[in-house]
Structure formats: structure tokens, C-alpha cells
4 protein chains.
Amino acid sequence: MDDGAPAVSLSETAREKLRQVVAKIERLEEEKKEVAAQIKEVYGEAKSMGYDTKALRAVVRLRKQDRQEREEQSILDTYLLALGEIEPLT
Amino acid sequence: MDDGAPAVSLSETAREKLRQVVAKIERLEEEKKEVAAQIKEVYGEAKSMGYDTKALRAVVRLRKQDRQEREEQSILDTYLLALGEIEPLT
Amino acid sequence: MDDGAPAVSLSETAREKLRQVVAKIERLEEEKKEVAAQIKEVYGEAKSMGYDTKALRAVVRLRKQDRQEREEQSILDTYLLALGEIEPLT
Amino acid sequence: MDDGAPAVSLSETAREKLRQVVAKIERLEEEKKEVAAQIKEVYGEAKSMGYDTKALRAVVRLRKQDRQEREEQSILDTYLLALGEIEPLT
DNA sequence: ACCTCGCTGTCAATGC
DNA sequence: GCATTGACAGCGAGGT
């Protein structure tokens, strides 16, 4: 049963703090939404310029993957180097 | 470096087992696809009978939500109350 | 303003028909859900048999792609080439 | 057959334009990522202050839903009424 | 360490 | 036809 009554009460101070937290999150989510809209816009413009959107997305995706793989590799190298498993380029 | 050569080999038995697993998954995905097609079909028939498809989908969606939403409500109420959500949104 | 009152009324016959349509859709969606659960189950079993689930999913995905794909790849190559991401065949 | 050779070539001008488009998208995605990280951070801080993160997320989600849902309700009510999901205003 | 859940990004379908 | 919206699969974080 849920009668809608909260199980606990919050002090006014706590409520105020909570409000701030939620407000901050919502503000940031709004920002994120705007940036997402801008990205969409760029794809839209590209499309109306004759670009193949799907391929364009694929390019961006692949480049991201490559970046990640390289990143992982370099951390890995750092570790291996630290462990003396590989030699630095002399 | 990845020369494309597998790091390990599978016995014939293991290969056979793998084949079976993949086959089973693919068979189930096929089934799922068929059911999805049937659903689409029903909406199609409904539409050609004059139903407002969008509204129909909304009904189904809402009924599903209603079935779900019946959890965590208590703690939630505390927060919502604190945020003044019990009052109309300004 | 939405006072919750429907804009139009439906005859009893129409209501009955509507009920049937919704029921049929919900039944099919239930089926679909079950099949999805079975797929998940297969992956689960595979995992507990020592399979690398992520790799397994990749296999299934690639096989599906192979079945479909053999398009757009050339546009993609064009883009990647333009960006210097891949090398032309010399 | 896909031998990896692009079907078409791009002029230098076109290549430059493509580069710009991709660069712009990547820059915006970077921004989005940063904002997402900030959001995550806020949740993290909230948690270390003793908030129930799950509930907090639920609050944010519900408030978003509330802001949205205020559409199509009229036709919808007709259908829901027919299905006995809601009662007519007596 | 595993598992669940939520989020994100992609793809297809529908309406304008 | 394009734009919007919804569905789905994949990934990652967080909790147990």
C-alpha cells in the first residue's frame, strides 16, 4: 500500500539543498540537450549538402574507436614499460 | 600486432558446440523478427480499419507503463514533496 | 485544456473490436518478450560454460551484417580516404 | 565484391570541407561528453552527502516526464475509456 | 567478481 | 521527400 505519504520528513535546510542539487542536474541536462541538438544540426546541414549521413556517422564512430584503441594501447605500453616487459624506443 | 591468427585453437567438439549455440541464437532471433512482423501487421490492419495508429500505440504504451510503475514510490514521494512537486508545476 | 472527457464516443461494438485489437497486440508483445528472454538465457548459459559473451555477440552480429552488408562501404572508404584514415591501394 | 577501393574520388576542396564537418562534430561530441561528466559528478557528490542516488535519478526522470506528457490526451482518453482503463466523469 | 539497470547511440517506421 | 519519434542492441556504472 502506498498512501502517498513520505516515509520520512526532511528539514527545510535539507529540502533547500535537495532543490539545488536537482536544479543543477536539470540545468546541465539542458546544456547537454542543446549540444546534442547542435550535433544533429550539423548532420542535417551535411545531409542537405549531399553527404551520406549514415557513412558520415560511421566515419565519426570509427575514428572514435581508433582513438580509444590507441589510448588503451598507450596506457598498456606504460604498464608494460613499467614492468620491463617492453623496451623504450631508444 | 594482430595478424588475424587466433591465439587459441578449438577442438572439433568445441567448434561443434559453438556452432550449436550460434545456431540457437540465430533461430530465436528469427522467431523474434517474425513476431515483430506480426505486430506490425496487426497495426496495419487496424489502420486500414480506420483506427488512429498513433493513439493505438499510445494506449498500448500507457497500459504497459501502468503495469510497471508501482515501485520505489515511497522514498520518491519524500523527494517530490521536498521539491514542491505536489504543487502544480509553475 | 483537457478535462479528461473524450471528444467522441464509441459504440459498444466498436469498443469490443478495439479491445480485441489491443489484446492481440499485447499478446504478441508478450511472446516477443519471452523470445528475447530465451535469447538472453542462451547467452547466460554460454557464459557459464566459459564462453566470452562479448565475443559471442560479436560473432552473431558480424554474421548478420555479412548477410546484409555489401553496400555503402565504398562511400565510407571514400570518406575515410579523404580524411587520411585509410591508405589507397597502391 | 568490395575491394576496398572507393567508388568515387573527392576533390581537395571537398576533402577539406569533409574534414571541417567531421572536426565540428567531434568538437561538439567532446563538449557533450564533458557535460555528461559534470552531471555524473553532481550525482557523485550528492551520493557522498548521503542522498539516495537511485531516488534522485527517479525524481529527475519523473519531472522530465511531467514536463512532456500533456499531449494527444484527448483521443487517448477515448480509447482508454473504451477499454475501461479510466472511468467517465460522472 | 557478477549481475542488474540505466544510458546512449543506431536504425527503422510513421506522419507531414 | 524529409523530419520526428519509437524500438533495440551494446556498453558502462553501481550495487550486492
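These numbers were taken from a predicted model, which means no experiment stands behind them. The figures here come from the full heavy-atom set of this structure, side chains too, leaving out hydrogens, waters and symmetry mates.
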Rounded to whole Å, how long is the line connecting atom [atom1] of [X] with atom [atom2] of [N]?
X: Lys33(B); N: dA7(F); atom1: NZ; atom2: C1'; value: 16 Å
X: Arg57(A); N: dT10(E); atom1: CZ; atom2: P; value: 6 Å
X: Asp52(C); N: dG10(F); atom1: CG; atom2: P; value: 14 Å
X: Arg61(A); N: dT8(E); atom1: CZ; atom2: P; value: 18 Å
X: Ile39(B); N: dC8(F); atom1: CD1; atom2: P; value: 8 Å
X: Glu41(D); N: dG14(F); atom1: CD; atom2: C1'; value: 17 Å
X: Lys64(A); N: dT10(E); atom1: NZ; atom2: C1'; value: 12 Å
X: Leu56(B); N: dT5(F); atom1: CG; atom2: C1'; value: 16 Å

Handout entry: Greater than 12 external heavy atoms within 6.0 Å of Arg27(C)'s CZ
Key =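 No, because the 6.0 Å sphere around CZ of Arg27(C) holds 12 heavy atoms or fewer from other groups.
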Considering only NZ, NE, NH1 and NH2 on the basic side and carboxylate oxygens on the acidic side, decide whether Glu29(B) and Lys33(B) come within less than 4.0 Å. no
Would you say Lys32(B) reaches dA9(F)'s phosphate, i.e. side-chain N/O to OP1/OP2 under 4.0 Å? yes
Looking at Glu26(C), Glu30(C), Glu31(C), which one forms a side-chain contact (heavy atoms from CB on, under 4.5 Å) with Leu28(C)?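 One option only clears the test, and that one is Glu31(C).
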Walking DNA chain E from its 5' end, the first of Thr53(B) and Glu29(D) to be reached, judged by nearest nucleotide, is Glu29(D)
5'-most contact on DNA chain F (nearest-nucleotide basis), Gln68(A) vs Ala36(B), goes to Ala36(B)
Q. Checking all strands, does Lys47(C) fall into the base, sugar-phosphate, or nothing category for heavy-atom contacts under 4.0 angstrom?
A. sugar-phosphate
**Asked** Which part of the nucleic acid, if any, lies within reach of Lys40(A) when heavy atoms closer than 4.0 Å are counted: base, sugar-phosphate only, or nothing?
**Response**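 Sugar-phosphate, no base atom in range.
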_Closer than 3.5 angstrom, by distance alone: can the side chain of Tyr79(C) be matched with the main-chain N or O of Asp52(A) as a donor-acceptor pair?_
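Answer holds: yes.
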